[in-house]
Amino acid sequence: MFYKDVNTVNPVLEVKDLRARIDDKEVLRRVKLSLSPGEIKVLTGPNGSGKSTLARTIMGDERIEVVEGDILVDGESVKDLPPEERFRKGIFLSFQMPPEFEGIRIGEFLLRISGRSGPEAIREMKEIAKELGLDPSILMRELHRGLSGGERKRVELLQALFLKPKYVLLDEIDSGVDVESVELIAKKVKELVDGGSAVLFITHNPLSLKIFSDRPVLRMEGGRILENAG
Amino acid sequence: MRTLGKIDPSLVEEISRKKGEPEWMRRLRLRALELFEKLPDPEWLGGLDELNIEEMVLFEEVDVRASSWDELPPEIRKFYEEMKLPEMEKRYLAGLSTSFDSEMVYTHVKKYLEEKGVILLPMEEAVKRYPDLVKRYFGRIFPPAEHKYAALHYALWSGGVFVYVPRGVKVEFPVEAFFLISEELLAQFEHTLIVLEEDAYLHFIEGCSSPQFRKFSFHDGAVEAYVHRNAHLKFTTVQNWGKNIINFNNKRAIAEEGSTVEWVEGSFGSWKSYVYPSVILREKARARISNFSIAHAGEWKESGAKLFHVGKESRSTVTAKSISTGDGVSVFRGLVRMNRGAERAFSSVSCDSLLMDPQSKAFTYPHNQIEEPSARISYEASTSFLSEEQMFYLRSRGLDEDAARALIATGFLSDVIAELPPEYGAVFRRVLEYNFRGSVG
Amino acid sequence: MKKYLPYGDSPTIKSYTRWERFEEALKSKGEIRVEGVEPSKFSPFEDELWWSGIHFQRARGFRATSKKISIRSKGGIAFAHVEVPLDGELFIFEDSTESPLSVSGSIKGKGIVYHVLRGRNPHFSLWKVEGDVTVHTLVETVDGFLRYRGRGNIDARGVSRGGRSDVYHVFEAERTSISNRHLLVGTDGSFLVHRPLGRVHEGGEVFLETLLHKEGGMVIGVPAVEVYTSRVKGARHAVKDLLPSEEQMFYLRSRGFSPEEARSFLLKEVTRFLLGKIHPDF
């Protein structure tokens, strides 16, 4: 698939002067952003400032209309590509509120989206689950159905750790979880990045902000990214 | 369930004669009576073993007509004053029709409505003054053949309101009508017909109240609405019949292209009640049905919704909430039908029941019939119950048992109450509290 | 108080399964072919359906002796009643491919049952289920009528695929938990009904769900619930499209599925989930 891709000369996810609308309401105002493998950038801001909207626009949510600007992956525009293609190009979005899926087992789902199979893959899944503090039996459960908020976040993170995508957008993966989990998540994010991924870490958890205080922090407000505040 | 007693055709003839009706209406009544005889007893009517039609006094003539409050006889005025109608009328309503027993005795149409060409008349008068208009719709939206008691309604109908809103006219304030049953064993069969031409808007409020009586009274009313293209009708019913009433109401709207129909139904009273507002949706039409009802001890309250999606991209939403206290039974019956051709139509039904006492019951019978592959349905229902934990919590915050129950009930119904006009919302909260104060169901 | 009342408009079994086919079938006379059972006496359980009166008069009694039971008919309509003491896993195949079939049975115990009904002749099947039982059911009949009745901790999952069938459950939950999830896969000309009825008594818990996937035909979901007291653990029921919602679709596409792939993936996985071990072969 699209993991640590050694062939690209200058791998980067770029958002250029992005303006977007939902119905008649402007939700993103000339947003500029770039993200390269090995980087963690923190995106923070008050509720409703557009952080999730930005992440979803990058992923290609059709309900958000891009009015101006562009989104480029490794130099190539993906603005007109559907979400499934953007996934194949290396973008991964961990949902803030993932929808439930009846009858789809988590383990099966992981195999399918990764294109992998066999005992090796399953063993790896189980290990990652354990490392995240999840019982491996969760792989037999239906995707997000009946799981607590914390469990859902961890299942999203499990997917990222299993797939090792190039550009990982984590939308509030640390909200509603306890202190130990926040630290564990931070540890895993660093592992991802050390492995060659890029992470956009969307949060307003003070502990996460503290842990990642040495990284570039982008502040968003009213659909805009404010000039360097951190 | 069994129907006892017979209706003599001569009674129907008499009703028609007394009203001075045109021939076509007389014939409609007689045909409906034939249907009543032929149609089988509805087997889906739970909670009712038999109904003796003959025992009920069917038609009562009242000889009072007025067009302002002062002209009303004092005892009639008193009823209305108890309901606080005059204030409501002055502040809030555009036109007011009220009935005393089977006849419309009070009609008041405000000047600006007249100027806009809005017609608001007792149904009998409309039959005589606007026969062509009435004929086009009467009995065609909710046909007499639908079920036995619909047929009975058409044979004996009396009273009710006709509202006509011309093209493009938007009536800013709600129009209201009040129906009253006062005598023992009096049956009410009022028929309301509402027609909205293209682009019109109307909010109609039907309120009902009756004092308590010992024997039974039977109410078998109908509301038909025809909403033309892009028009919008909101129909709110506030039902607070006495504890001895058996209540049927046959309600249906036809929603033409791009139009919107909203049925908001609040049911506090009556002993047994069967009301399932329904809508036939054409292309891009929208329907919203919000119901709430309470079944106190000894009561059987049925509510629901019937939606027929005929047109593409039509959408419907149903929110139904019921509360059962004591050994009351709340029943939900719903039908969502997606006909072939209702492409990309969507219906969402959400039904919740709250059981407050160990003997309380709730039955839900949804029906989802889909013939169109691209149509979508979402139906969800759940039951909640008053838990000891909730009671303990509220009581540890200073509420006594009755207040706690009232609070939980109000909270449960809050989003449906929010649909009611603010005036009614406030009244309802008061009625709810009264319902729970000093009584377990 | 009357029990389950069909809604005024609902098509009943008589109106849609070409009931005359059942009546015709009664005129033929066939023999029962069974495997995995031994003959045994039985006491028919009470059932208010008129067909069951006829059935119990003519049925031969059997008792399950193996993990795989098959019941077929040949030459005309045949009737069988099977007692199934459940302990572990069990497969029941009912096949009306050759000729009409009428089956009843009683499953009692603990374990998992895989139940397959198929065939193009009138097919009548009545089962009583008691205990801690998971049932996976696949219905691929033309004019099939399946009814489960039961109490206990029951997890009934199933799929009705094509043809005409009416799957009807009546489950009572009293201090037990009942869950029923059934998928209707409608194809052109098919007519599928799912009508579970959950009766919830003290301490009971019920969850009923009809899932819909339509490529054609008519699908009808009528999950009814009767709650008899406030002292229950829970009662929920739902009817849902298998079609993903907008949000679900966005999620799946953001994981690499094209819209088509998303839909077929959902159908395949959900069917697999509902049918358990039945799925791979069918």
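Per chain, numbering begins at 1; letters A, B, ... match sequence-line order. What you see is a predicted model, and the numbers here were worked out from it, not measured in a lab.
Geometric assessment of C:Arg157 against the ring of C:Phe273 yields a positive cation-pi assignment under the 6.0 Å and 45° thresholds. The cationic group of C:Arg255 does not satisfy the cation-pi geometry with C:Phe257, failing either the under 6.0 Å distance to the six-membered ring centre or the 45° limit from the ring axis.
Using a 4.5 Å cut-off between heavy atoms, A:Glu100 contacts chain C through its backbone alone, with no side-chain atom that close. In this structure, the portion of A:Phe92 lying under 4.5 Å from any heavy atom of chain C is its side chain and not its backbone. Both the backbone and the side chain of A:Arg56 come within less than 4.5 Å of a heavy atom in chain C. Both the backbone and the side chain of C:Leu266 come within contact range of chain A, each with at least one heavy atom under 4.5 Å from a heavy atom of that chain. In this structure, chain A has no heavy atom under 4.5 Å from any part of C:Pro244.
Most heavy-atom pairs under 4.5 Å with chain C: of the set A:Glu62, A:Arg105, A:Glu85, A:Arg63, this distinction falls to A:Arg63. When each of C:Glu209, C:Lys240, C:Glu247 is checked for heavy-atom pairs under 4.5 Å with chain A, C:Glu247 comes out on top.
Ionic pairing of C:Arg272 and A:Glu108 is present here: one or more N-O contacts between side-chain nitrogen and carboxylate oxygen are shorter than 4.0 angstrom.
Between C:Phe265 and A:Phe109, the angle of the ring planes lies from 30° to 60°, which puts this pair in the tilted group.
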Acceptor/donor pairs from residues 127-140 of chain A side chains to any protein atom, 3.5 angstrom cut, sequence neighbours excluded:
from: A:Glu127; atom 1: OE2; to: A:Arg123; atom 2: NH1; distance (Å): 3.1
from: A:Glu131; atom 1: OE1; to: A:Lys188; atom 2: NZ; distance (Å): 2.6
from: A:Asp135; atom 1: OD1; to: A:Ser137; atom 2: N; distance (Å): 2.9
from: A:Asp135; atom 1: OD1; to: A:Ser137; atom 2: OG; distance (Å): 2.9

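Checked by atom type, the side-chain pair C:Thr210/C:His194 shows a donor-acceptor distance below 3.5 Å.
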